[in-house]
Number of protein chains: 2
Amino acid sequence: MVRASSVKDVAARAGVSLGTVSNVLNRPDRVSPETRARVEQAMRDLGFVRNESARQLRAGRSRTLAYVLLDARNPFFTDVAEGVERAAEAAGLSLFLCNSDNRSSREQDYLAHLVEQRVQGILVTPVDAQSPALADVRRNGTPVVIVDRTRSDDTFCSVAVDDELGGRLAVEHLIEQGHTRVAFIGGPDTIGQVRDRLEGARKAWADAGLPPEQLVVVTTEALTVVEGRSAGERVMGLGRNRRPTAAFCANDLLALGLLQQLSTSGLSVPGDLAIVGYDDIEYASAAAVPLTSVRQPRQELGRRATELVLDEADNPEHVHQQVVFTPELVARRSTLG
Amino acid sequence: MVRASSVKDVAARAGVSLGTVSNVLNRPDRVSPETRARVEQAMRDLGFVRNESARQLRAGRSRTLAYVLLDARNPFFTDVAEGVERAAEAAGLSLFLCNSDNRSSREQDYLAHLVEQRVQGILVTPVDAQSPALADVRRNGTPVVIVDRTRSDDTFCSVAVDDELGGRLAVEHLIEQGHTRVAFIGGPDTIGQVRDRLEGARKAWADAGLPPEQLVVVTTEALTVVEGRSAGERVMGLGRNRRPTAAFCANDLLALGLLQQLSTSGLSVPGDLAIVGYDDIEYASAAAVPLTSVRQPRQELGRRATELVLDEADNPEHVHQQVVFTPELVARRSTLG
DNA sequence: ACCTTTCGTTGAAACCTTTCAATCCAAGGA
DNA sequence: TCCTTGGATTGAAAGGTTTCAACGAAAGGT
């Protein structure tokens with residue numbers, strides 16, 4: 001394997017011009033059957049593989065989409081990715097997944113690389129939706145759609161779920177169950193989703209006329225199982241009369257960690273503490289005590305985002321739109337006794 | 001945004017030749033500071049972005065690595081991916097993740113696309129490690145390393161964990177705990193990992209002199225939480241004296257599903273059924289009853305695979321090697337009562 | 001004052017594919 | 001027999017970058 005063979009090599013071996021080889025590749029109907037067979041045989045003999053870089057260079061665009069996600073280990077995002085993947089496959093495009101791992105430096109590196117690659121479009125769940133880096137990407141000619149976030153101006157297409165409403169649903173549910181002292185567990189508050197869910201929680205709390213200091217905010221460093229466990233220690237370490245009777249976690253991973261922490265401490269859910277999660281990932285319903293959670297249409301999110309990015313890429317009359325889906329509360333044992 | 005600007009445009013605006021622009025990009029030290037400043041200003045003015053296709057075309061290779069994984073929703077693979085990502089980042093390469101979703105057709109599509117892209121190397125956890133498609137990829141000049149599988153011949157580098165030993169460890173542990181009737185839960189047996197783990201289990205069973213029919217094999221359709229739940233129903237539906245006292249699941253997702261099924265049926269773990277999982281994913285220790293599991297060095301797997309693929313790409317004297325890591329049993333409450 | 005280095009810059013070639021106008025040839029019509 | 005038509009094939013150009021031999025000018029040495 002010295003050097004990959006090119007159309008030129010194939011042309012030489014088949015005794016045709018390289019234009020003909022290209023025709024076999026791209027418009028086989030314009031080539032006579034015999035010639036075509038000969039060229040195809042030559043390709044097989046030489047193990048010819050199209051050089052996508054050259055093809056792209058000529059075509060000016062690639063046949064790939066990319067989804068830059070916040071955390072590949074969070075099932076929520078992989079579910080969204082699944083939706084993107086299906087839609088991309090249907091459109092005949094490949095999808096590359098890039099994991100920014102919540103680090104904006106890595107996000108930027110990926111975005112830069114993708115723009116240089118001239119991918120057909122980028123879907124991104126950004127660390128910071130307001131970041132000017134996103135505007136740069138589009139200025140450089142690559143369509144971008146924001147997933148699971150909304151930018152405050154309407155210069156981007158975005159597909160999101162109403163997180164404020166989600167937070168509201170969770171807390172209203174807890175209030176209905178009679179809780180009057182509730183913990184909100186989540187963080188860091190640089191994450192927009194966390195802020196919005198808390199905001200919704202606070203509004204629902206105020207609307208119910210409950211005193212603000214009885215909605216305790218417990219801040220975590222990340223939205224992970226491990227953080228959920230440590231938050232659990234903090235919550236249950238509160239003095240008896242300050243301790244909440246229910247917790248609303250900013251995502252299911254936190255909720256699962258919290259649940260775990262409680263059961264190792266011999267506390268019962270929802271007896272000692274009721275728990276509401278967020279995202280309704282598969283593990284939520286599969287937990288020891290099935291979790292009440294706020295469900296988002298994950299695959300649908302991915303599918304819709306893909307449609308938007310393709311429209312932005314292909315349709316000269318494209319107008320940006322912000323799609324907002326409605327979340328839904330799924331009540332399970334962790335709040336229902 | 002009519003057309004992305006090229007080095008030529010930058011050169012014109014800065015009043016230099018395009019060779020100089022390229023030098024600014026690639027060997028800035030060879031350009032005088034004033035010229036460099038002028039060129040850099042021109043780049044900013046025009047919003048110049050390097051065209052990676054053209055660069056690759058010239059260079060013959062890209063600055064990307066790809067990992068084609070079996071199931072992006074399985075935390076085991078995303079952990080491996082994390083290891084790959086770190087190593088790739090250290091080497092100054094970008095990593096694209098491709099999810100084959102256990103479908104060989106999709107795996108093939110991705111592989112073909114990646115070869116056409118001339119990526120620098122491909123890591124793959126294949127649906128079928130013996131598939132000739134993998135040999136095709138390398139024949140076409142792209143280094144390939146097999147992750148978490150081993151090919152029977154030694155024509156590929158691979159990084160894997162000794163699954164047979166893992167199966168053995170799991171079952172030996174159960175035997176030590178006094179179990180003499182055990183279920184192996186896993187499938188489909190087209191998955192090599194499942195076959196090997198079962199094989200190890202059988203050998204340990206035979207070595208202990210236990211009758212083969214007391215190691216019951218329960219076949220699942222996939223390695224998912226949902227399948228674990230349905231396997232649970234089947235296992236517990238067995239007649240009293242055929243029912244096992246312990247189960248060894250081919251991965252943690254199955255084990256979590258099984259655990260869930262048992263606790264909704266009001267059965268206790270390990271009282272009614274002891275459970276051993278496999279992979280030791282984060283959720284295993286975070287489960288309601290912390291799971292005993294067989295741990296694999298996931299990130300290390302990814303890191304090592306990356307080193308191998310880079311060696312294959314850069315080192316003309318590269319020799320293929322099969323790295324096999326040793327798994328480790330982590331005993332927790334699900335088997336320790 | 002002249003020759004040699006050294007440094008900075010240049011221009012052209014090469015990478016591989018696709019496209020398109022131009023050419024060729026055979027068949028059919030007049 | 002000559003002309004037309006249509007299909008098949010060709011050859012050259014274009015796309016953006018990198019590399020490299022070659023060039024010019026300025027600096028250093030004698």
Using whole Å, what does the distance between atom P of nucleotide D:dT17 and atom CZ of B:Arg118 come to? 20 Å
Does any donor atom in the side chain of A:Gln299 or A:Arg86 lie under 3.5 Å from an acceptor atom in the other side chain? yes
Return yes if some donor-acceptor pair links the side-chain N/O of B:Ser53 with the main-chain N/O of A:Gln56 below 3.5 Å, else return no. no
Answer for the Watson-Crick or wobble partner of D:dA27, both distances under 3.5 Å, is C:dT4
In whole angstroms, how far is the P atom of C:dC15 from the CZ atom of B:Arg61? 17 Å
Donor on one side chain, acceptor on other, B:Gln193 and B:Arg149, under 3.5 Å: yes
Selection from D:dT17, C:dT19, D:dG16 that lies nearest to any side-chain heavy atom of B:Leu57: D:dG16
Closest approach to the side chain of A:Leu18, judged atom by atom: which nucleotide of D:dT10, C:dA12, D:dA12 is it? D:dA12
Residue A:Ser6, side-chain atoms from C-beta onward, closest of C:dC16, C:dT9, D:dA12: C:dC16
With the side chain of A:Asn23 defined as its heavy atoms from C-beta on, choose the nearest nucleotide among C:dT18, D:dT9, C:dT10. D:dT9
Could you give the CZ-to-C1' distance, from A:Arg63 to C:dT17, as a whole number of Å? 14 Å
Protein-nucleotide distance (B:Gln56, atom CD; C:dC15, atom C1'), rounded to Å: 12 Å
Is it the case that the base of D:dT17 and the side chain of B:Arg58 share a donor-acceptor contact (distance under 3.5 Å, atom types as modelled)? no
Go through the side-chain N and O atoms of B:Gln41 and B:Arg44 and say whether any donor and acceptor fall under 3.5 Å apart. yes
When we call it a touch if two heavy atoms are under 4.0 Å apart, what does B:Ser53 touch: a base, just sugar-phosphate, or nothing? nothing
Can you find a side chain N or O atom of B:Thr20 that sits less than 4.0 Å from OP1 or OP2 on C:dT10? yes
If the cut-off is 4.0 Å, is B:Arg36 near the phosphate of C:dG8, judged by side-chain N/O to OP1 or OP2? no
Side-chain donor/acceptor of A:Thr125 to backbone N/O of A:Val147, under 3.5 Å: yes
Looking across every strand, which nucleic acid part, if any, lies under 4.0 Å from A:Val21 by heavy atom: base, sugar-phosphate, or nothing? nothing
On DNA chain C, more 5' by nearest nucleotide between B:Ala59 and B:Pro33 is B:Pro33
Separation of D:dT17 atom P from B:Glu52 atom CD, nearest Å, is 11 Å
Among C:dC16, C:dT18, D:dA8, find the nucleotide with the atom closest to the side chain of A:Leu25. C:dT18
B:Arg30 has an atom CZ; how far is it from atom C1' of D:dT18, in whole Å? 12 Å
Rounded to whole Å, CD of A:Glu116 lies from P of D:dG15 at a distance of 21 Å
N/O (side chain, A:Arg55) to phosphate O (OP1/OP2, C:dT18) under 4.0 Å: yes
Nearest listed nucleotide, side chain of A:Asn51, among C:dT17, D:dT18, C:dT9: C:dT17
Rounded to whole Å, how long is the line connecting atom CZ of B:Arg27 with atom P of D:dT18? 9 Å
Does one side chain, of A:Ser152 or A:Gln130, offer a donor that lies under 3.5 Å from an acceptor on the other? yes
Would one find a side-chain N or O of B:Ser32 under 4.0 angstrom from OP1 or OP2 of C:dC7? no
From D:dG16, D:dT9, C:dT17, pick the nucleotide closest to the side chain of A:Ala54? C:dT17
I want to confirm an ordering. Mapping A:Val49 and B:Arg38 to their closest nucleotides on DNA chain C, which one lands closer to the 5' end? B:Arg38
Against the side chain of B:Ser22, the closest entry in D:dT18, D:dT9, C:dT18 is D:dT18
